[in-house]
Amino acid sequence: IEGIATGVDNVDIILIGPKGYARGATEPSIENGLKIIASSVDKNDEFDEDITMTEGLDTGMWLALVLSPGRDGEYAGFTESVGAGEIKVDAFGVDLKGKDQAQILSIIQDCTIDRAGSDDLLIPLSFKVESAYVRFNPAETVTIGEPLNVSGTTNREPDTLITIST
């Protein structure tokens, strides 16, 4: 996740899985459907975080929230004074375990941009997590001596090697 944030030193990134935060989770993590990350903003007003989406994650549409407190430097509605880079899962004033994606989004919005008088900023982004696949298009019939053209699609990263055996 990368972007530009002017006038701030840090932004917070919150990832919420399609099923929300697992009820039996011991701590927020990608595997448990909720991850909170503090990201530093460099002198060019850019932030960049690499987040590894591990095997076994919930597939579907994930939500990434990029947050920044307004001019006062604090988020409007947390149970304690919280600035950028300081969000903890227990500061929301409610247990997020077992909450689905929409409920968690609503709680975060209530603590930030929807709070009366808030000048906080929140940008929601969504992305899809799915199992890796390689799909081949039907191959044309060829005669001896002609090249066999194989094509298809994949959701693997660019430059990933795929071995084809005939």
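Side-chain contact check for Ile51 versus Ile37: some heavy-atom pair is nearer than 4.5 Å. Contact check for Thr163 versus Leu161: no side-chain heavy atoms found under the 4.5 Å cut-off. Inter-residue side-chain proximity for Ser39 and Glu49 is flagged as met; some heavy-atom pair is nearer than 4.5 Å.
Without hydrogens or angle criteria, Asp42 side chain to Asn44 main chain gives a donor-acceptor distance under 3.5 Å. At distances below 3.5 Å, at least one donor-acceptor pair connects side-chain atoms of Asp95 with backbone N or O atoms of Lys97. Of the possible donor and acceptor atoms, none in the side chain of Thr52 sits under 3.5 Å from a partner among the backbone N and O of Thr54.
The neighbour count for Ile123 CD1, taken as heavy atoms of other residues, nucleotides or ligands under 6.0 Å away, does not exceed 12. Heavy-atom contacts from other residues, nucleotides or ligands closer than 6.0 Å to CD of Glu55 number 12 or fewer.
A donor and an acceptor atom, one from each side chain of Gln103 and Ser106, are nowhere located under 3.5 Å apart. In this structure, a donor-acceptor pair under 3.5 Å is present between the side chains of Asn155 and Glu130.
If you chain together hydrophobic residues whose side chains sit under 4.5 Å apart, Ile104 and Phe127 never meet in one group. Note on Val82: it clusters hydrophobically with Leu122, by side-chain heavy-atom contacts below 4.5 Å among ILVMFWY residues. Cluster annotation: Met53 and Leu125 are assigned to the same hydrophobic cluster (Ile/Leu/Val/Met/Phe/Trp/Tyr, side-chain heavy-atom contacts under 4.5 Å, transitive). The hydrophobic cluster containing Leu105 also contains Val89, counting ILVMFWY residues as joined when their side-chain heavy atoms lie under 4.5 angstrom apart, directly or transitively.
Closest heavy-atom contact between Ile164 and Phe136: CD1-CE2, 3.7 Å. Ile36 and Lys88 get closest at one heavy-atom pair: CD1-C, 4.3 Å. Here the closest heavy-atom approach between residue Leu96 and residue Phe92 is recorded as CD1-CD1, 3.6 Å. Between Glu140 and Leu148, the shortest heavy-atom distance links the atoms O-CD1, 4.2 Å.
Interatomic distance, CD of Glu146 versus OG1 of Thr141, reported as 10.0 Å (0.5 Å rounding). Note that CZ of Arg135 is 9.0 Å distant from OG1 of Thr154, once rounded to the nearest 0.5 Å. Between the CD atom of Gln109 and the CG atom of Asp114 there is a distance of 5.0 Å, given to the nearest 0.5 Å.
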Working for side-chain contact (heavy atoms from CB on, under 4.5 Å), residues Glu46 and Val41 | CA-CA 5 Å; Glu46 297 175 347; Val41 178; 6.0 Å; no
Taking it one step at a time, do Arg115 and Asp120 satisfy side-chain contact (heavy atoms from CB on, under 4.5 Å)?
-> CA-CA 9 Å; Arg115 183 63 52 141; Asp120 300 338; 5.9 Å; no
Can you list, pair by pair, the side-chain donor-acceptor contacts under 3.5 Å of residues 6-24, counting residues two or more places apart and other chains?
unit_1, atom_1, unit_2, atom_2, d
Asp12, OD1, Gly85, N, 2.9
Asp12, OD2, Tyr75, OH, 2.6
Asp12, OD2, Gly85, N, 3.1

Report, one line per pair, each donor and acceptor closer than 3.5 Å where one atom sits in a side chain of residues 57-70; sequence neighbours left out.
unit_1, atom_1, unit_2, atom_2, d
Trp62, NE1, Asp58, O, 2.9

